[in-house]
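To start, the structure under review is shown below, and the notes come after it.
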Amino acid sequence: MSAKGGAGIVFRAPIYGASGYADECLGVLLALAEAGLEVQTIPIGHQEEDIQQLLPADSRATLDRMKHNRLDLRRSIFCQDGPASIFDIQMRGRLQVGRTMLETNSLADGWVDILDPMDEVWVPSNYLVDVFTRAGVPKKKLRVVSRGVDTNAYRPGAAPMKIPGARGFNFLSVFDWSYRKGPDILLRAYLSEFQAGEDVALVLKTYQFNNSGEEPEASITDFIEREMGLTLENTPPIILLNGFLPNADMPGLYAASNAFVLPTRGEGWGQPFMEALACQCPVIATRWSGQLDFLDDENSYLIDIEGLAPAPADIDPEIYSGHCWAAPSVDHLRQLMRHVFRHPEETAGRAKRGHQQVVERWSWPICGRRWAAEFQRLLG
């Protein structure tokens, strides 16, 4: 690292923890270190990776060095990565970059004003360019800078995780337990399509990053009994894995699964879809929002949507209130899950194609070089 007072990139973001932003920051910062760029980090929230110990030791050491580096902000690029609502618009560098995203068809109240002082606004997917432009962010400020995936870790051939209660065919879904992720749509489709006697299970790897007050197990039981009119005894198994897993364990979870499914209502990018593809696990995903930058009908199975629907007025977090997002079709999801269950050879072919595309286009060495090139462009 440079001596105190040098020029480089001052990077303010939620760097530690298990959020999607933290996962992106890890890939970006490791890529910038590989490129030899000088970086000082200003972590938001957790100040070190000391709770779940999700990261390998060498990654933690790199992040620790960056946290203790000191650069001259007036000579540096000041990049903030996260929801625009947490940006510090009083703190300024030579140039300001705002990296952010949202998962609906609009921007939260106040975001346009927050983004106004930014020299550039970087978004992960092309659909967000339209969203931000319609909301009032000048298109000339917007740049699509995609995130990547660690294809050395997420790859075919990982040792499958042992999942108690798993069956011959296992659907996997990985998500923060929230309405946006569509757990109600997934449960309704699965419980309507499959019977208890079939050799199939639904594995839900959940956590509660945005909605820590809700208990997934109680919500699932309530949905089965109240919404579906069923009992636990006459339903196909639902296996709940609640809480955080170390990053190193995630490839084994995908390896233990026959297909990945997530009927999300909206994504800025959709990282679990990319992780599943990288592991050559067949993907069922919503035909709307950020994941369409890398998913199509040749490498995955896309759920038709029944138009857009308003987010509930009492939605948590409130930034979605008044916005619209996708309404994935339960009937089409049922058809796709049954099709994937019945046609393993076809689905394996699509998954193989998706894996090849991820390695060629979306691995962190490739995407990281794009990030480094963007910063080098601004540094001159």
Side-chain angles (χ1 to χ4, degrees), residues 7-29 32 37-47 63 66-67 69-125 127-147 176 180 209-210 266-269 271 290 316-323 371 374-375 377-379:
I9 303 152
V10 177
F11 197 92
R12 180 178 181 270
I15 292 165
Y16 300 100
S19 70
Y21 281 108
D23 183 69
E24 172 177 281
C25 289
L26 174 64
V28 170
L29 293 172
L32 298 182
L37 292 171
E38 297 291 350
V39 180
Q40 173 192 339
T41 60
I42 303 176
I44 299 173
H46 295 306
Q47 295 299 299
L63 296 185
M66 289 180 171
K67 185 173 65 173
N69 196 18
R70 291 295 178 265
L71 299 176
D72 184 349
L73 182 60
R74 295 167 300 178
R75 299 168 54 200
S76 299
I77 307 302
F78 183 40
C79 178
Q80 301 188 75
D81 190 334
S85 55
I86 67 172
F87 285 5
D88 184 343
I89 60 175
Q90 303 303 318
M91 190 174 181
R92 300 184 64 80
R94 180 166 65 84
L95 289 172
Q96 334 307 318
V97 173
R99 163 64 165 197
T100 192
M101 69 187 79
L102 206 60
E103 299 87 2
T104 66
N105 70 337
S106 187
L107 293 188
D109 290 344
W111 275 35
V112 173
D113 292 336
I114 294 170
L115 296 174
D116 183 64
M118 303 296 149
D119 295 288
E120 292 188 2
V121 177
W122 295 359
V123 294
S125 55
Y127 115 94
L128 287 175
V129 173
D130 294 333
V131 171
F132 279 55
T133 301
R134 288 198 308 269
V137 179
K139 192 169 184 177
K140 64 182 181 181
K141 284 189 176 184
L142 291 163
R143 295 183 73 86
V144 177
V145 186
S146 304
R147 61 180 299 176
D176 173 23
R180 175 172 67 84
F209 185 77
N210 286 318
E267 298 291 331
W269 180 247
Q271 190 68 10
D316 182 22
E318 295 179 355
I319 59 172
Y320 301 129
S321 182
H323 297 189
W371 278 82
E374 292 289 351
F375 280 118
R377 172 180 59 84
L378 295 178
L379 287 167

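Keep in mind that this is a model prediction, so the values were computed, not measured.
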Within a strict 4.5 Å, meaning less than it, do heavy atoms of the [X] and [Y] side chains meet?
| X | Y | answer |
| --- | --- | --- |
| I15 | K67 | no |
| T100 | Q80 | no |
| V131 | M101 | no |
| M91 | I42 | yes |
| V144 | V123 | yes |
| V137 | L107 | yes |

Shortest non-hydrogen separation from [X] to [Y] and the atoms involved:
| X | Y | result |
| --- | --- | --- |
| T41 | L63 | OG1-O, 4.2 Å |
| L128 | L102 | CD2-O, 3.1 Å |
| A13 | C25 | CB-SG, 3.5 Å |
| L71 | Q40 | N-OE1, 2.9 Å |
| P117 | Q96 | O-CG, 3.7 Å |
| G268 | S125 | O-OG, 2.8 Å |

Once rounded to the nearest 0.5 Å, what's the spacing between atom [atom1] of [X] and atom [atom2] of [Y]?
| X | Y | atom1 | atom2 | answer |
| --- | --- | --- | --- | --- |
| L95 | I77 | CG | CD1 | 4.5 Å |
| E318 | S85 | CD | OG | 11.5 Å |
| I319 | S106 | CD1 | OG | 11.0 Å |
| S146 | W371 | OG | CH2 | 9.5 Å |

Worked verdict on Q271 versus E24 for side-chain contact (heavy atoms from CB on, under 4.5 Å): CA-CA 9 Å; Q271 190 68 10; E24 172 177 281; over 6 Å; no
Should R94 and D72 be marked as a side-chain contact (heavy atoms from CB on, under 4.5 Å) after you check the CA-CA gap, both sets of side-chain angles, and the distance that decides it? CA-CA 10 Å; R94 180 166 65 84; D72 184 349; over 6 Å; no
Does any N or O in the side chain of R12 come within less than 3.5 Å of the main-chain N or O of F78, such that one atom is a donor and the other an acceptor?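 Absent.
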Return the orientation label for the F11 and F375 ring planes: parallel under 30°, perpendicular over 60°, tilted otherwise.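 Correct class here is perpendicular.
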Salt bridge (charged side-chain N to carboxylate O under 4.0 Å, His left out) between R99 and E374, worked out: CA-CA 12 Å; R99 163 64 165 197; E374 292 289 351; over 6 Å; no
Evaluate the criterion side-chain contact (heavy atoms from CB on, under 4.5 Å) for residue pair M118 and V97; output intermediate values, then yes/no. CA-CA 6 Å; M118 303 296 149; V97 173; over 6 Å; no
Set out, in order, the CA-CA distance, both residues' side-chain angles and the distance that settles side-chain contact (heavy atoms from CB on, under 4.5 Å) for R92 and L73, then state yes or no. CA-CA 7 Å; R92 300 184 64 80; L73 182 60; 5.9 Å; no
